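Along the sequence shown, residues are numbered consecutively beginning with 1. The figures here come from the full heavy-atom set of this structure, side chains too, leaving out hydrogens, waters and symmetry mates. Computed from a predicted structure; not experimentally measured.
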Amino acid sequence: SGMRNWQFPFRRSVVTTSCVLRRNQSPPSCPRLLWSTQQQQRAHAHTKGYQAMGSFHSESVDTLMSQPDSQYQPPSLPFSEAEFKQNQPVAISCDHESTNDFLLDRDRWTFLNHGAFGAALRQGYERAEAWRWHLERQPLRYHDRELLPHLVFSARRLARFCHAPRDSFTLIPNVTYGLNTILKGYAHEYKEDAHIILWDTSYGSLKKMAHEYCPQKVTEIPVSEYFDRWKTEEFRNNPLDVFACALMEALQALDNDGRSSKNALLILDHTTSNTALNMPLKSLSKIAKDRGMLVMVDGAHGILAQELVLNETSLPCVDFYLGNGHKWLSCPRGIGFLYCPDPKLRDTILRLPAVISHGVGQGFQSRFLWDGCRDYAAALAVPAVLDFWEQEYDPARVRLEIQDKLSEAVALLKEQWHGATTEEDLGDCLLAPQNVHAPMMTLVKLPNSVQSFSSNSEDAKAVQDFLYDNFVEVPIKCVQGTLYVRLSCHVYNELHEYQRLADTMLRFPEKGKRF
């Protein structure tokens, strides 16, 4: 019959060659799982010859990405999500409550570290799982005919969310992938003239990449040495100018040493990782452009929690911007994006992505959207995630809610740990003025009873381990010999969770009684 059951000796369950038919169910009684010929033709309009990269049976991704909205036809989901859920052996559940939008175990854990690896939305997670299930139903159909058009749809939706021109925007797996692509391409193009300028607050793996791709020609701006200037008269009213001061003095030092900064690549952080500081992107990139430099922004923390407008009006001097979807946008892990408004840079520095595959030698989208046979479910889940934020919430309201809630949490910790109530006292408890910290992350000084004259990373780890053992997940940072907690805040966080952090921290053993 072609539908005979096969019994595998290593597994007790009976598997059918149709993969989804029940043990006593015959094929004709399952019409909802079988598409008619007419439905298949509607879903897969065949192209004349191969138009996409390699031998994919779909239209060119560059053509699809460039089509104006008036002509573009978004692809329909090739499966029913209700069908996917009915065919799951175990229903997806959440320990906190069935209506929770996130899958976090918040009954057990106080989770205040969204800024590290994010936390996926239930809606995005379920869409990604549905795509994985659909793939395994017919892998060739998925890869050859469905994957690329749906990746383009995700790219178009995300570009619109970031207010970015589609020809300047593409999807990548994560920021690390993008950094490797740009640094490798930059070093190849500029050869002996290549010179990377970054900050002592830059992400650790970025520093390693810079020294690998551009050995002996990396300049690190010691901006942390300028932190104490925030309280001086010079910067009290405009604390963000500290970054410009550090940059200008570093460039002057290069000039004094006879080292040109022309054609150098300046790397900025939208938000620094360890210290949760927002750099003034527009002013710093303008300084760099006036000196003939290229500018790249590591925007791992940029999207959703902060307003992100990627165009030449908002950021006229930024050449590259990289972002992650799994952090504040709360996509499943494995989706990021790359923005580059200059077509010459797209065809030179970005000519070869970090992973070379079928699309190289074709358009910008072709060489980035496909990098081999891997799990693309996170990218395919982007429309579901954006639907959630745009329909269930409003991005502007999300940002306001996060900012207000974080301000309340900071005030709570300052008062309970330091007795700070006045505005001046509150400022002394933060690493930087509040308007220099990111609106969704900040560093608050730990109680004085925890500090020592020479706190170090070992002390920070001991505190973080103590909190973890008490089911509080939050990072502890040591900055210039002082211990801070880096608070994150997302829509799911509540004030009582920060109260629990405050109470737990006050139970930390005094130095000398810890072990």
Test Arg166 against Asp62 for salt bridge (charged side-chain N to carboxylate O under 4.0 Å, His left out), laying out the working first. CA-CA 10 Å; Arg166 290 191 300 274; Asp62 292 284; over 6 Å; no
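- The environment of Lys191 atom NZ is dense: over 12 non-hydrogen atoms of other residues, nucleotides or ligands sit within 6.0 angstrom.
- No side-chain heavy atom of Phe508 sits under 4.5 Å from any side-chain heavy atom of Ser449.
- Glu408 and Lys405 are not joined by a salt bridge, as no carboxylate oxygen comes within less than 4.0 angstrom of a charged side-chain nitrogen.
- Contacts of Ala155 classified as side-chain contact (heavy atoms from CB on, under 4.5 Å), with partners at least two apart in sequence or in another chain: Met65, Leu171.
- Contact of the Val297 side chain with the Ile267 side chain is not registered, since no non-hydrogen atoms from C-beta on lie closer than 4.5 Å.
- Side-chain contact between Ile172 and Ile335: absent, with no pair of heavy atoms (C-beta onward) separated by less than 4.5 Å.
- Residues Gln416 and Gln499 have side chains in contact (heavy-atom distance under 4.5 Å, counting atoms from C-beta outward).
- Inter-residue side-chain proximity for Leu183 and Met296 is flagged as met; some heavy-atom pair is nearer than 4.5 Å.
- For Asn113 and Arg486, the side-chain atoms include at least one donor-acceptor pair closer than 3.5 Å.
- To the nearest 0.5 angstrom, Asp200 atom CG is 5.5 Å from Glu220 atom CD.
- Residues that satisfy the ring pair (Phe, Tyr, Trp, His ring centres under 6.0 Å) test with Phe227, not counting sequence neighbours, are Trp230.
- In plain terms, the two heavy atoms of Ala381 and Gly124 that are nearest each other are CB-O, 3.5 Å.
- Atom CZ of Arg500 has more than 12 neighbouring heavy atoms from other residues, nucleotides or ligands inside a 6.0 Å radius.
- Under the ring pair (Phe, Tyr, Trp, His ring centres under 6.0 Å) criterion, His437 pairs with no residue at all, not counting sequence neighbours.
- Every residue two or more places apart in sequence or in another chain that forms a ring pair (Phe, Tyr, Trp, His ring centres under 6.0 Å) with Phe169 is listed here: Phe337.
- Annotation: salt bridge (Lys or Arg N to Asp or Glu O under 4.0 Å) contacts involving residues 435-456, sequence neighbours excluded, are absent.
- Residue pairs satisfying the ring-ring contact (aromatic ring centres under 6.0 Å, His included) criterion with at least one member in residues 190-211, sequence neighbours excluded, are listed as follows: Tyr186-Tyr190.
- How far CG of Asn174 is from NZ of Lys327: 10.5 Å, rounded to the nearest 0.5 Å.
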Between Ile402 and Arg399, is the side chain to side chain contact (heavy atoms under 4.5 Å, CB included) condition met? List the steps. CA-CA 5 Å; Ile402 289 174; Arg399 288 188 281 272; 5.9 Å; no
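- For Glu473, the salt bridge (Lys or Arg N to Asp or Glu O under 4.0 Å) criterion is met by no residue, not counting sequence neighbours.
- For Lys207, the NZ atom is densely surrounded, since the number of other residues' heavy atoms within 6.0 Å is greater than 12.
- When all heavy atoms of Leu281 and Asp269 are compared, the closest pair comes out as CD2-O, 3.7 Å.
- Minimum heavy-atom separation, Ala210 to Val218: O-CG2, 3.6 Å.
- No side-chain donor-acceptor contact under 3.5 Å links Gln451 and Asp459.
- Ring-plane geometry between Trp328 and His114 is classed as tilted, the angle between the planes lying from 30 to 60 degrees on a 0 to 90 degree scale.
- By the ring pair (Phe, Tyr, Trp, His ring centres under 6.0 Å) test, Phe117 pairs with no residue at all, sequence neighbours left out.
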Step by step, work out the side chain to side chain contact (heavy atoms under 4.5 Å, CB included) result for Ser66 and Gln365. CA-CA 10 Å; Ser66 64; Gln365 302 299 328; over 6 Å; no
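- Side chains of Val355 and Thr181 form no contact here, defined as non-hydrogen atoms less than 4.5 Å apart.
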Show, in sequence, the C-alpha distance, side-chain angles and deciding distance for Phe471 and Thr110, and conclude whether the side chain to side chain contact (heavy atoms under 4.5 Å, CB included) test is met. CA-CA 6 Å; Phe471 300 98; Thr110 296; over 6 Å; no
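- Counted by atom type alone, Glu249 and Tyr226 present one or more donor-acceptor pairs between their side chains at under 3.5 Å.
- Among Thr170, Val61, Leu147, the one residue that satisfies the side chain to side chain contact (heavy atoms under 4.5 Å, CB included) test with Val152 is Val61.
- Using a 4.5 Å heavy-atom threshold, the side chains of Trp417 and Leu506 count as touching.
- Using a 4.0 Å cut-off between charged nitrogen and carboxylate oxygen, Arg333 and Asp375 do not count as a salt-bridge pair.
- Between Phe388 and Tyr393, the ring-plane angle classifies as tilted under the 30° and 60° cut-offs.
- With sequence neighbours excluded, the residues that form a side-chain contact (heavy atoms from CB on, under 4.5 Å) with Pro343 are Arg346.
- Shown here are the side-chain contact (heavy atoms from CB on, under 4.5 Å) partners of Asp465, two or more places apart in sequence or in another chain: Lys461.
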Return all side-chain donor-acceptor pairs below 3.5 angstrom for residues 474-484, not counting sequence neighbours, or 'none' if the list is empty.
| from | atom 1 | to | atom 2 | distance (Å) |
| --- | --- | --- | --- | --- |
| Lys477 | NZ | Asn274 | OD1 | 2.9 |
| Gln480 | NE2 | Ser224 | O | 2.7 |

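- Counting non-hydrogen atoms of neighbouring residues, nucleotides and ligands closer than 6.0 angstrom, the CD atom of Glu212 reaches no more than 12 such neighbours.
- Other residues, nucleotides and ligands place no more than 12 heavy atoms under 6.0 Å from the NE2 atom of His188.
- Salt bridge annotation for Arg374-Asp371: present, with a cationic side-chain nitrogen under 4.0 angstrom from a carboxylate oxygen.
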Scan the side chains in residues 308-321 for donor-acceptor partners under 3.5 Å anywhere in the protein, sequence neighbours excluded, and list what turns up.
| from | atom 1 | to | atom 2 | distance (Å) |
| --- | --- | --- | --- | --- |
| Asn311 | OD1 | Thr313 | N | 3.0 |
| Asn311 | OD1 | Ser314 | N | 2.7 |
| Ser314 | OG | Val309 | O | 3.2 |
| Asp319 | OD1 | Lys289 | NZ | 3.1 |
| Asp319 | OD2 | Lys289 | NZ | 2.8 |
| Asp319 | OD2 | Val295 | N | 2.8 |
| Tyr321 | OH | His270 | ND1 | 2.7 |

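- Using a 4.5 Å cut-off on side-chain heavy atoms (C-beta onward), Glu390 and Phe161 make contact.
- Within 6.0 Å of OH in Tyr468 there are 12 or fewer heavy atoms belonging to other residues, nucleotides or ligands.
- A salt bridge links Glu497 with Arg106: the distance from a Lys NZ or Arg NE/NH1/NH2 to an Asp or Glu carboxylate oxygen falls below 4.0 Å.
- The CG atom of Leu277 sits 7.5 Å away from the CG atom of Leu443 when rounded to the nearest 0.5 Å.
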Residue pair Ile196, Lys217: steps toward the side chain to side chain contact (heavy atoms under 4.5 Å, CB included) verdict: CA-CA 6 Å; Ile196 297 173; Lys217 301 192 78 173; over 6 Å; no
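- One finds a salt bridge joining Lys286 and Asp290 here, because a Lys/Arg side-chain nitrogen approaches an Asp/Glu carboxylate oxygen to under 4.0 Å.
- A centroid separation of 6.0 Å or more is found between the aromatic rings of Trp131 and Tyr376.
- Ion pairing between a basic and an acidic side chain is recognised when a charged N comes within 4.0 Å of a carboxylate O; Asp347 and Arg367 show such pairing.
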